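First up is the structure itself, then whatever we jot down about it.
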2 protein chains.
Amino acid sequence: MSCVVSRPARIQDVAAAAGVSPATVSNVLNRPERVSAQTAERVRSVVAALDYVAHPGAVGLRNGRASTIGIVLPDLTNTFYSRIARGAADAAFEHGYSLVLCHSGDDPDREQAYFSMLAEQRAAGVVVVPLTADTGRLSRLRQRGIPLVLADRTMSTDDGCSVAVDDVSGGRTAAQHLFDGGARDVLVVNGGRAIRQCVDRYQGARQAARTRRGTRLRQVVVQAMTVEAGVEAGRALARGTDRPDAVFCTNDLLAVGLCRGLLEEGVAVPGDLHVVGFGDLDVASIATVPLTTVRQPVEELGRAGVDLLVDEVEAREEHEHEARIFMPQLVVRASAAAPAVAASTS
Amino acid sequence: MSCVVSRPARIQDVAAAAGVSPATVSNVLNRPERVSAQTAERVRSVVAALDYVAHPGAVGLRNGRASTIGIVLPDLTNTFYSRIARGAADAAFEHGYSLVLCHSGDDPDREQAYFSMLAEQRAAGVVVVPLTADTGRLSRLRQRGIPLVLADRTMSTDDGCSVAVDDVSGGRTAAQHLFDGGARDVLVVNGGRAIRQCVDRYQGARQAARTRRGTRLRQVVVQAMTVEAGVEAGRALARGTDRPDAVFCTNDLLAVGLCRGLLEEGVAVPGDLHVVGFGDLDVASIATVPLTTVRQPVEELGRAGVDLLVDEVEAREEHEHEARIFMPQLVVRASAAAPAVAASTS
DNA sequence: GGCCCTTGTTAAATCGTTCCAATCTCCCTA
DNA sequence: TAGGGAGATTGGAACGATTTAACAAGGGCC
């Protein structure tokens, strides 16, 4: 077998072929203004002919910084995180960085090991969805001179950029839709107080309720945010008295379960009761009763994280830290009807 | 603000502190047998004290190969691929490689661009789920001296390693379960002939049918492998005459839809009809009728891909290309009952 | 004509490792 | 005691780029 391995061209090869020094080639590529027009032209044609591309490793070594961005995620299996990864991958590709995937699997030690690894390879920066709110480990990275962007968490803009979804707004949107559909008495089926997202979403719903006179907002907290918990809540609701007009479940699994529990007990969705979920998981669109829910621009989170990072790395002085907040959007499906043509708006 | 950026230790710092040359430090770390026990001891303690770790970029430059593995995937949004990524990330972490995430988004040009990028940075190797069967672009990578492992596709072991799931076995397992449950007349609801997986799964089902006397296996091909198509198939089935005892849907979306279509028309699952799906998507476990289905060890695919790659890179001569095939497993849930205690087996 | 300034180009140092070949030590043997 | 050899250590040249400082060459000015 003829197995000719063609060595990629080095800067010296280009220099020799163009009859200039390596320094000039580097100048043509990086600071064209320092080089005469005809030299530049000649060099460029050789670059094209030899298909020359600078070796990123060598550049990284010399510049003290690799053209690499790390993304540290708790769990790739969760579509929320894999969608962040997807957005980050797109943005990194567009900016010409390579993205190092770090999946910590909910293990703080492994997360820490990834931080060290990224520091060792002098990554240009890191986008991280941290496992815990403990900022100590994060700031150590920053001390090593590696810029950091927080995703799905916020932080003071003194310390760096962050990107997140506005859960309060999401909760408000969901509740508003129910009220606009004619509901007066809305129940929020919510996860525990310890989960920031749950607290925010409920707070948003309360805001919506406050602006409508004569409405009522109740809350019930479930043990787990799973389909099973939703089924149980649905059954309880169907059997109980004082049933609300509509339910806002703070995630889609709960909502799917709730619908199922209600249907089992003969309560029709959306006939007897409107239901809104949160998250727009795949299951929302394919559920028996397609779910009206709130979609988060998750890919945008990853994308913006990388954008901000690249800005920080490349603009250096001019860069200003920023906390970018994304607004979720309502996706209307069958489980909660479109707003009746309300008298108030037209 | 006191912003002391502590420079990481270099090999020279270690050498100086231990009173030896950089070469000796390198030897201690890479070829301990060449160095006396006491020197090694001294150097090692300094390494620990200074927290020294070799700069991967410099190592890569010197060795002509970075400690980086690329993973090229069509679409991170698809859990099949993100689970591959997860397995690959775990394995890469264990082997001490960093994993560069390349999401081609079903765009061949972008896939090609990633190949070039990985070649430029002298990646140690690439795990790829290729968009097309066109091996030209792949072999070009190999010509650049970069080992390649194919995932979810097979190739001649002359050209490299590959990892895949045995869809024939999966189809057989699914059908066997139905026959073991007492079915004599099984319908396969399948995707198009153009999809390799569909063909294989059906073939497996046929094998299972052949080994049982007095059984019948039919097939119906649907336009798309979606819930909607499944619903339609379910309704048609319920209304039609000559209804089978059991149905094997070659993916879970079809199966979920089928169950729904059947139930709408008053056919009970598993009461009147057993249903088996394929894939074990999230939706399988949370569907109204929890789905008996076939689980593929997808994470193992990514994990094994990286393992094989690392073996090829590190064992060099001794490495033998390998086509590793993984066996899917049946997950029994409600939609198809556990086998009756058959007279034949006991 | 000598001096200085500008413009374009380049030699050489540097980044942090690895590895080959050379050197140095020490001990054993003749 | 000189010579030889084994074992441990080290100097220095890569690897492939960037960048600083220096150097020619040409032009304007006194």
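Order of the sequence lines sets the chain letters (A, B, ...), proteins ahead of strands, with each chain counted from 1. As the structure is a computational prediction, the values presented were derived from the model and not from experiment.
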What's the verdict on side chain to side chain contact (heavy atoms under 4.5 Å, CB included) for B/Arg110 and B/Leu131, showing C-alpha distance, side-chain angles and the deciding distance?
CA-CA 11 Å; B/Arg110 187 162 161 191; B/Leu131 282 176; over 6 Å; no
Start with the C-alpha gap between B/Glu312 and B/His321, add the side-chain angles, then the distance that decides, and say whether side chain to side chain contact (heavy atoms under 4.5 Å, CB included) holds.
CA-CA 8 Å; B/Glu312 178 165 358; B/His321 291 328; 3.3 Å; yes
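- At the heavy-atom level, A/Val53 lies under 4.0 Å from the strands shown only through sugar-phosphate atoms.
- Using a 4.0 Å cut-off, no side-chain N or O of A/Asn27 falls inside it from OP1 or OP2 of C/dT9.
- Nucleic acid contact class of B/Ala23 (heavy atoms, under 4.0 Å, all strands): base.
- Inter-residue side-chain proximity for A/Phe115 and A/Leu138 is flagged as met; some heavy-atom pair is nearer than 4.5 Å.
- You'll find the side chain of B/Val129 stays beyond 4.5 Å of the side chain of B/Phe80, heavy atoms only.
- Reading DNA chain D from its 5' end, the first and the last nucleotide to sit under 4.0 Å from a heavy atom of chain B are D/dA8 to D/dG16.
- With respect to the salt-bridge test (charged N to carboxylate O, under 4.0 angstrom), the residues B/Glu300 and B/Arg324 do not qualify.
- Contact annotation: A/Ser36 side-chain N/O to C/dG8 OP1/OP2 distance is not under 4.0 Å.
- Judged by distance alone with a 3.5 Å cut-off, a donor-acceptor contact links the side chain of B/Arg62 to the base of C/dT18.
- Counting heavy atoms from C-beta outward, A/Val306 and A/Tyr97 have side chains that stay 4.5 Å or more apart.
- Residue A/Gln12 contributes atom CD, which lies 13 Å from atom C1' of C/dA11 at whole-angstrom precision.
- A/Val43 comes within contact range of no nucleotide atom at all, as no heavy-atom separation falls under 4.0 Å.
- Comparing C/dC15, C/dT9, C/dT17 against the side chain of A/Leu61 picks out C/dC15 as the nearest.
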